[in-house]
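What follows is a single structure, written as structure tokens, with notes after it.
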Amino acid sequence: MSNWSAKNPYDSKITECYVLNGKGSKKETRHIVFDLGDSGLDYKVGDALGVLPENPPHIVEELIEIQGWDRDHTVTTHKGEKDLYTALKKDFEVHQANKKFVQSLANKVVSSGMNISMSIVKRSRNGVDWNAEEEGDLPPGLTTSMPSDDPTSQVKAILSDAKEIENYIWTRDYVDIMSEFSVKYSPEEFLELVDRLKPRLYSIASSHDAHPGFVELTVGIVRFNYHDRQRGGITTQYMADEVVVNETPVGVFMSPTKSFILPEDKDTDIIMVGPGTGIAPFRAFMEQRVHDKATGKNWLFFGDQSEKTEYYYKDEIEGWMDSGDLYRFTTAWSRDQEEKVYVQHRLKEHGAEVWEWFEKGAYFYICGDKTYMAKDVHRALIEIAIEHGGMSEADATHFIEQTMMREQKRYLRDVY
Ligand SMILES: Cc1cc2nc3c(=O)[nH]c(=O)nc-3n(C[C@H](O)[C@H](O)[C@H](O)COP(=O)(O)OP(=O)(O)OC[C@H]3O[C@@H](n4cnc5c(N)ncnc54)[C@H](O)[C@@H]3O)c2cc1C
Ligand SMILES: NC(=O)c1ccc[n+]([C@@H]2O[C@H](COP(=O)([O-])OP(=O)(O)OC[C@H]3O[C@@H](n4cnc5c(N)ncnc54)[C@H](OP(=O)(O)O)[C@@H]3O)[C@@H](O)[C@H]2O)c1
């Protein structure tokens, strides 16, 4: 047993970090392999890996520059005494602004007495995507009802309700806001306001039996661009852009699951629904079922934008189909035709067979997007129970949510 945790992560090295998408894809999904070295870390399929990121160096540099801070200034953080650069890079999340900081503008802007029109002119000269010299052309996030030359009123408008604050910070980071309002903070003041850095979890995409000493992930890199500045997710950008393969130590720990597990009885059939990065745990499940010589049938539903560019793990999947380990592979390529085709549409098309599997005790797994996909798949299951199980809406809902999910624990979810 090892004692590695979020507070005491193991310094692993990434040994592989390659893009799974084909040329011309709109996405950047990577296969990332971590070496567990002498950590003693173990895992089972279904578990997640915790990864501790660092902020992009250019953002830390920009912050220090815009505030005129001394990078070697000593500060004390929740992780001890260190120089300001290291504290900003490793101990806090400085890549995205938080509400607390925006709320602090109320006092800052009044006390600084700055005139926002100064910063408006400066930003437009810097080539930002709006032009203050054109009448009525306001910075994104500021509505035309705000007087453009009064920073106090502008801050008031932003702070007027939670939605306004959310809209405002959606496209801005600290550097944007500091330059927009020309506000200055001491390092200590700033560190009091920003969020402590948190690890991110990733569903493990490998079986430890198949890859002893390594743990593998399927990661969608989060990138977007606002006001001509490239930005994105702290952890995914760190792994994709900054970590040097076989060199940079990356803090990791295991986050074991109690519920998202394979059936104990290896004869049990399983249905896995994992579009996009949701495929991760199911690659691990397949590796484990093959290693265990499980006799239960495996049916995988996978989908993403296009077969040409998003058919992740194609060789492995085709290998499992050829060997008979993958009994069924059903795809939903959403953008390969006019109409959107999603995994729930495929589930319903195969509703009669899905229902037969359920009646024979199959487990049902779902992984990936929680907000839309998982809800739609859940609804599709209820509709399958109505159509093929001959149930009323209430009975079907009870069967899916109560019987399968809560009592029999054979409808299992890993959604995020
Ligand atoms: C149990 C679990 C398992 C997971 N498994 C996986 C997995 O296998 N693979 C995987 O890729 N992810 C997985 N995730 C998600 C993962 O943990 C991270 O949330 C994800 O990688 C983003 O992290 P980040 O640090 O790069 O981004 P963050 O710095 O956390 O930023 C993400 C945030 O950026 C903001 N954002 C995103 N797009 C935009 C935009 N266009 N404009 C403005 N803001 C935007 C949103 O607020 C979003 O919440 C899992 C999550 C959980 C909880
Ligand atoms: N909470 C977090 O921190 C966090 C962080 C990162 C990602 N995520 C979520 O994780 C998900 C995984 O991202 P990903 O890039 O791997 O895949 P994805 O964006 O979920 O896309 C995978 C496939 O699902 C399709 N899809 C879109 N809406 C759907 C719906 N309602 N029902 C079923 N399928 C649907 C997509 O089609 P189209 O694109 O053609 O519509 C695509 O073909 C994202 O949706 C994202 O929201 C969450």
Side-chain angles (χ1 to χ4, degrees), residues 20-21 25-32 46-56 59 93-98 140 166-173 195 197-206 215-227 229-242 255-257 259-260 273-284 301-307 309-312 331-348 366-380 413-416:
L20 291 163
N21 307 83
S25 173
K26 294 184 187 72
K27 295 191 151 186
E28 181 182 336
T29 303
R30 287 175 178 256
H31 186 72
I32 307 184
D47 288 350
L49 183 76
V51 178
L52 276 132
E54 292 184 16
N55 289 281
I59 290 191
E93 306 220 348
V94 300
H95 71 306
Q96 277 177 3
N98 69 9
E166 248 172 59
N167 287 344
Y168 182 73
I169 58 181
W170 182 252
T171 67
R172 289 169 177 80
D173 66 4
D195 296 334
L197 187 132
K198 298 177 299 294
R200 306 295 195 268
L201 294 180
Y202 293 89
S203 310
I204 291 175
S206 53
V215 60
E216 313 197 349
L217 309 178
T218 313
V219 178
I221 311 303
V222 180
R223 298 189 195 277
F224 43 94
N225 190 304
Y226 291 114
H227 315 307
R229 291 184 58 231
Q230 199 252 309
R231 53 198 82 194
I234 184 170
T235 319
T236 53
Q237 288 193 129
Y238 178 62
M239 292 191 283
D241 302 344
E242 200 183 332
S255 174
T257 178
S259 55
F260 199 74
V273 177
T277 52
I279 196 169
F282 303 136
R283 176 181 182 263
F301 285 81
F302 173 66
D304 210 318
Q305 293 184 356
S306 174
E307 178 172 11
T309 46
E310 275 77 48
Y311 190 168
Y312 311 142
T331 54
W333 305 114
S334 56
R335 303 192 189 186
D336 278 354
Q337 61 287 305
E338 285 266 307
E339 302 261 298
K340 288 268 183 183
V341 175
Y342 290 154
V343 283
Q344 63 271 22
H345 303 134
R346 296 296 189 219
L347 270 169
K348 287 193 70 186
I366 176 168
C367 179
D369 173 46
K370 183 186 194 171
T371 319
Y372 305 104
M373 187 274 297
K375 285 195 178 109
D376 292 348
V377 167
H378 183 80
R379 180 66 210 162
R413 308 190 328 153
D414 174 19
V415 293
Y416 44 88

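Any value given below was found using the heavy atoms of this structure, including those in side chains, with hydrogens, waters and symmetry copies removed. As the structure lists them, so they are numbered: ligands from 1, and atoms in each ligand from 1.
- For atom 19 (O) of ligand 1, no protein heavy-atom neighbour is present inside the 4.0 Å cut-off.
- Side chain of Thr309 to backbone of Ser25: no donor-acceptor contact under 3.5 angstrom is found.
- Considering only non-hydrogen protein atoms, atom 16 (C) of ligand 1 sits nearest to Leu201 O, 3.4 Å.
- Closest heavy-atom approach to atom 40 (O) of ligand 2 among the candidates Arg335, Lys26, Glu28: Arg335.
- Under 4.0 angstrom from ligand 2, the non-hydrogen atoms of Lys340 all belong to its side chain.
- Atom 2 (C) of ligand 2 is never approached by the protein to below 4.0 angstrom, counting heavy atoms only.
- Closest approach of Tyr416 and Gly278 over heavy atoms only: OH-N, 3.8 Å.
- Residue nearest to atom 5 (N) of ligand 1, selected from Gly276, Ala205, Ser203, Pro53: Ser203 (by heavy-atom distance).
- In terms of protein heavy-atom proximity, atom 32 (N) of ligand 2 is closest to Gln344 NE2, 3.1 Å.
- For a threshold of 3.5 Å applied to N or O pairs, the pair formed by Val222 and ligand 1 contains no separation below that value.
- With a 4.5 Å cut-off on side-chain heavy atoms, Arg231 and His95 do not count as touching.
- The nearest protein heavy atom to atom 43 (O) of ligand 2 is closer than 4.0 Å.
- Proximity of Tyr311 to Leu20: side-chain heavy atoms (C-beta onward) are nowhere separated by under 4.5 Å.
- Counting heavy atoms under 4.0 Å from ligand 1, residue Tyr226 touches it through the side chain alone.
- Checking Tyr416, Tyr372, Tyr342 against atom 29 (C) of ligand 2, the nearest heavy atom belongs to Tyr342.
- With distances taken over non-hydrogen atoms, the option nearest atom 24 (O) of ligand 2 out of Gly233, Pro275, Gly278 is Pro275.
- Annotation: side chain of Ile234 is in contact with side chain of Arg200 (closest heavy-atom distance under 4.5 Å).
- Distance check for atom 12 (C) of ligand 2: a protein heavy atom is found below 4.0 Å.
- Near Gly233, the atoms of ligand 1 lying under 4.0 angstrom from a non-hydrogen atom of the residue are 24 (P), 26 (O), 27 (O), 28 (P), 29 (O), 31 (O).
- Residue-level proximity to ligand 1 for Glu93 is absent, since no heavy atom of it falls below 4.0 angstrom.
- Under 4.0 angstrom from ligand 2, the non-hydrogen atoms of Lys27 all belong to its side chain.
- Thr218 O, 2.9 Å is the protein heavy atom nearest to atom 9 (N) of ligand 1.
- Summary of contacts: the protein heavy atom closest to atom 37 (O) of ligand 2 is Ser334 OG, 3.0 Å.
- Taking every heavy atom of Thr236 and a limit of under 4.0 angstrom, the matching atoms of ligand 1 come to 21 (O), 26 (O).
- Judged purely by distance below 3.5 Å, without hydrogens or angles, the side chains of Thr29 and Tyr312 pair a donor atom with an acceptor atom.
- In this structure, the protein non-hydrogen atom closest to atom 51 (C) of ligand 1 is Tyr416 CB, 3.3 Å.
- Distance screen at 4.0 Å: atom 7 (C) of ligand 2 has no protein heavy-atom neighbour inside the cut-off.
- Counting atoms of ligand 2 from 1 in the listed order, those under 4.0 Å from a heavy atom of Gly276 are 16 (O), 17 (O), 22 (C).
- When the heavy-atom distances from atom 9 (C) of ligand 2 to Asp369, Leu201, Thr331 are ranked, the shortest goes to Asp369.
- If you check which protein heavy atom lies closest to atom 43 (C) of ligand 1, you get Trp170 CE2, 3.1 Å.
- Counting the atoms of ligand 2 from 1 in the order shown, those under 4.0 Å from a heavy atom of Asp376 are 30 (C), 31 (N), 32 (N).
- Minimum interatomic distance between Gly50 and Leu201 (heavy atoms only, all atoms of both residues): CA-CD2, 3.8 Å.
- Taking a 4.0 Å cut-off on heavy atoms, Gly220 fails to register as neighbouring ligand 2.
- The aromatic rings of Trp333 and Phe302 sit perpendicular to each other, their planes meeting at more than 60°, with 30° as the lower class boundary.
- The protein does not reach atom 48 (C) of ligand 1 closely, with no heavy atom under 4.0 angstrom from it.
- If you check which protein heavy atom lies closest to atom 23 (C) of ligand 2, you get Asp304 CA, 3.8 Å.
- Listed by number with element, the atoms of ligand 1 under 4.0 angstrom from any heavy atom of Gln96 are 31 (O), 33 (C), 34 (O), 35 (C).
- Both the backbone and the side chain of Tyr202 come within contact range of ligand 1, each with a heavy atom under 4.0 Å.
- When each atom of ligand 1 is checked for a heavy atom of Asp414 under 4.0 Å away, the hits are 1 (C).
- Residue contact check: Gly220 has heavy atoms under 4.0 Å from atoms 11 (O) of ligand 1.
- Of all non-hydrogen atoms in Val222 and Gln237, the two that sit nearest each other are O-CG, 3.8 Å.
- When only non-hydrogen protein atoms are considered, atom 16 (O) of ligand 2 lies nearest to Thr277 N, 2.6 Å.
- Every heavy atom of Thr371 sits 4.0 Å or more from the atoms of ligand 2.
- The line from CD of Gln305 to NZ of Lys27 is 5.0 Å long, rounded to the nearest 0.5 Å.
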